[in-house]
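Note that this is a predicted model, so its numbers are computed, not measured.
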Amino acid sequence: MIYTDNRSCMMSDNITFNRYTAIDHLSHFSGLGIAMLYLVAAGATLWEVIARYVFHAPTQWAFEVVMVLCAATWMLSSGYITLKNRHIGITVIHGMVSERARWWLDLFALCTGIVALFLLLSDASIRAYTALSHVERTGSAFNSPMPMLLKLLLALGGFLYLAQLIVNLYRHVRSTFAQRSTQLLGLLVAFYFINGVLAFISGPDSWFVHLSELTSQLANSLDPRQWIDIRSYGLGSVSLIMVLVLVALMMTGMPLGIVTLVVSVLMAVAFFGPRGLYLVSSNAAGLLDHYTLVAIPFFVLMASILEKAGIAEDLFDAMSVFAGNLRGGVAVQTVVVAVILAAMSGVMGGEIVMLGLVALPQMLRLGYDRKMTIGLICAAGALATLIPPSIIMIVYGLSAEVGIGDLFMAGAIPGIMLAIFYALYILIRAHLNPSLAPTAAEVEAQTGQSRQLSRHRLHAVLLSIALIGCVMGSIYAGIASITEAAAIGAVGAMVVAAVRHQFHWPLLQITLVGTMATVGTIIWLVLGAVSFVGIFNLVGGAEFMRSLFMNLGLPPLGIILVMMLILVVLGTFMEWIAIVLITVPVFAPVVTSLAPELGLTPDEAKIWFGILFVLNIQIYFLSPPFGPACFWLKSVAPKDVSLQEIFVSVLPFIGLQAIGLVLVLLIPDIALWLPHWLSS
């Protein structure tokens, strides 16, 4: 099973406020404070759209200001998510071993994280000081110092992350000697970086500079190339070593961002010596000016506001009113609501939790078959992986270097196709066995109750559907970019919440902080993965993997099937974001090279493969024994619903997903027709 938090030893989520250290207070309050920057960024992005279309005067400052605001939130969230144990880790082994072994695994994870971040910052801090001294600017019309600020934010976020890890290590160890050693470690780390700042300020002849040179000489003396020549090994051996180390560290349960970062650092130093750290820090800094990433927090914020405002329950009640006497109508309406919720959120976990809280108890109370109901909730909730705006598609698009708008368009029809499969499956089963699904009239006669919507709730439902249409329509029509449409969605969600009389400061604060923690977790994982992929490609690993696939002697579809099989295997023990960031940079170039044989252009091939990839991830979300969707539903299901019952219930829907995957594999136009039609 995969968790994103709840590790008892390593984290301080259960630390009471009066036991906070100064670093804990800094992490806590900086996290709460920077979360508000998303609101400012959304407002600035919305103003850019208004200025462009209403006043015909596009801004020169919005893009760069929004990038800096979001980068500040991503980087400075590191302390908060480390304090609250929000980092993503694979805890299959971690949860199976004894408490003592778990303590040692957590100790190893903390020490590894400290070493990895220290090495990253030893170079990133120098780049930040250099950028500050030169006041690096964008060279755009606005000519802001954005490059300088992004490098400074990377360093500041890394410092906060490192400081919080050292505090967590101090709490983790128990003996007085170990705690004193941790305090000494913290002082030495602080002295090292403070000396670096003073060396930068004081000039070339100060003793701070000489001290920095001494530490550089010490680092050079530890150059691993003196003892081992890793370049003498073949690309196959190096690739195998990197993958084995990566998987081994993942299985310890440490945060995935730290895993990929430490492997990047080790390989960079092994191949290029201490100067190789520049490659890691430059890859990490380069991630921060990906404007498309800004869409993620805006979409998450939109979904969070609509969820907290009760729009999901309103949607379900509204569909109940229109269900009529269709046998199985409540189940079909659940699929429709799931599609609408998917278009609101893009985050599968939240949708399954919402459906589990709202739809599952209602359907069970109305006498629907338990297994059919449970399986439908899991499968319908997983539609958020395909129905745009899908967060998985955004991360895939960045990794494969393909247009995210095209991916959104390509995912719409396969997602609706699966929804139709689920609805038809329910209707056919209900027709063959009417006892599985009563009609709305039978339910009303049985319970003596009918559902009604107040005027403001009905208005909120209609506005939320209109909001989705505006957001996705503006993307498909080319009116707004992905990020601009996401900002419109976030601000529009606030309007919908206000119409429902649920927009107030506590709701806004909770949603902003939740967005900050969720997106900060993703960004720090992506940061480590981007560094890993950059080093892996630089040493020739990706080229080796491409040649390995091409030399299998299989036809193009055979190679695609091998990739799908690899994804299935990885899905048994990895988080989806780790799978995306590790496999896509290797798979996408292979698929591109196969495009002529598949009768597709290179971009079409990457888009088509992206939909196959997401369909495969969707199957993994439901598949026992580690299907996350099953565990998410179990967390909110009634106590009498067992995990084994959930596993059995999802099997027919996994079969429907597999049919959808095969259809898209054999008929690429299912995914490519809508992008072609809209572009023409």
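- In this structure a side-chain-to-backbone donor-acceptor pair under 3.5 Å is missing from Thr112 to Ala109.
- You'll find the side chain of Ile617 stays beyond 4.5 Å of the side chain of Leu567, heavy atoms only.
- Across every non-hydrogen atom of Val614 and Met393, the tightest pair is CG2-CG, 4.1 Å.
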As a quick check of understanding, evaluate ring-ring contact (aromatic ring centres under 6.0 Å, His included) for Phe653 and Tyr425, giving each step before the final call.
CA-CA 9 Å; Phe653 294 91; Tyr425 172 76; 5.2 Å; yes
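- The two residues Ala412 and Leu674 come nearest to each other via the heavy atoms CB-CD2, 3.9 Å.
- Formation of a donor-acceptor pair under 3.5 Å by the Thr385 side chain with backbone atoms of Ala382 is found in this model.
- Using a 4.5 Å heavy-atom cutoff, the side chains of Ile420 and Val335 are not in contact.
- In this structure, Gln618 contributes its side chain and Leu615 its backbone to no donor-acceptor pair below 3.5 Å.
- Note: Phe549 and Phe587 meet the aromatic proximity criterion, with ring centroids under 6.0 Å apart.
- At least one donor-acceptor pair closer than 3.5 Å links the side chain of Thr521 to the backbone N or O of Ala517.
- Classification of the Phe613-Tyr396 ring pair by plane angle, with boundaries at 30° and 60°, yields tilted.
- The residue from Val294, Ile296, Val526 that alone fulfils the side-chain contact (heavy atoms from CB on, under 4.5 Å) condition with Trp74 is Val294.
- The CZ atom of Phe536 lies 9.5 Å from the CG atom of Leu246; values are rounded to the nearest 0.5 Å.
- Rounded to the nearest 0.5 Å, atoms CZ (Arg86) and CD1 (Ile522) are 12.5 Å apart.
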Derivation of the side-chain contact (heavy atoms from CB on, under 4.5 Å) call for Phe272 and Leu277
CA-CA 8 Å; Phe272 308 104; Leu277 294 174; over 6 Å; no
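- Atom CE of Met472 and atom CZ of Phe408 lie 5.5 Å apart (nearest 0.5 Å).
- Residues Phe298 and Thr515 fail the side-chain proximity criterion, which asks for heavy atoms closer than 4.5 Å.
- With contacts defined as side-chain heavy-atom distances shorter than 4.5 Å, the pair Met563/Asn616 does not qualify.
- For the pair Trp524 (side chain) and Ile81 (backbone), a donor-acceptor distance under 3.5 Å is absent.
- Separation of atoms CG (Asn433) and CG (Asp369) is listed at 8.0 Å; rounding is to 0.5 Å.
- At least one donor-acceptor pair under 3.5 Å links the side chain of Thr260 to the backbone N or O of Gly257.
- Side-chain atoms of Ile394 and Ile391, non-hydrogen and from C-beta on, do get closer than 4.5 Å to each other.
- Ile340 places a side-chain heavy atom less than 4.5 Å from the side chain of Ile468.
- In the displayed structure, Phe271 atom CZ is contacted under 6.0 Å by more than 12 heavy atoms of other residues, nucleotides or ligands.
- A donor-acceptor pair under 3.5 Å links the side-chain atoms of Thr483 to the main chain of Tyr291, judged by distance alone.
- Residues Ser623 and Ile654 meet the side-chain proximity criterion, which asks for heavy atoms closer than 4.5 Å.
- What you find for Met250 and Leu256 is that their closest heavy atoms are CG-CD2, 3.7 Å.
- In plain terms, the two heavy atoms of Ser264 and Ser531 that are nearest each other are OG-C, 3.2 Å.
- Within the 4.5 Å cutoff, side-chain heavy atoms of Tyr422 are placed close to those of Gln657.
- Remark: Glu645 engages Arg370 in a salt bridge, criterion side-chain N to carboxylate O under 4.0 Å.
- Note that CG of Leu266 is 11.0 Å distant from CD1 of Ile535, once rounded to the nearest 0.5 Å.
- Between the side chain of Glu597 and the backbone N or O of Leu594, no donor-acceptor pair lies under 3.5 Å.
- Contact between Ala400 and Lys606 at its shortest, heavy atoms only, is O-NZ, 3.3 Å.
- Atom CG in Leu407 sits 11.0 Å away from atom CG in Leu386 (nearest 0.5 Å).
- Dense packing is recorded around NZ of Lys634, with more than 12 heavy atoms of other residues, nucleotides or ligands lying under 6.0 Å away.
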Evaluate Phe532 against Leu261 for side-chain contact (heavy atoms from CB on, under 4.5 Å), listing each step before the verdict.
CA-CA 6 Å; Phe532 169 79; Leu261 182 61; over 6 Å; no
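- Remark: the backbone N or O of Leu436 is not paired with any side-chain donor or acceptor of Arg429 at under 3.5 angstrom.
- The two residues Ala331 and Ile426 make their nearest non-hydrogen contact at CB-CG2, 3.5 Å.
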Show your working on side-chain contact (heavy atoms from CB on, under 4.5 Å) between Ile241 and Met267 and close with a plain yes or no.
CA-CA 10 Å; Ile241 291 171; Met267 287 298 144; 4.0 Å; yes
Determine, stepwise, if the pair His290 / Leu398 fulfils side-chain contact (heavy atoms from CB on, under 4.5 Å).
CA-CA 9 Å; His290 278 277; Leu398 291 170; 4.0 Å; yes
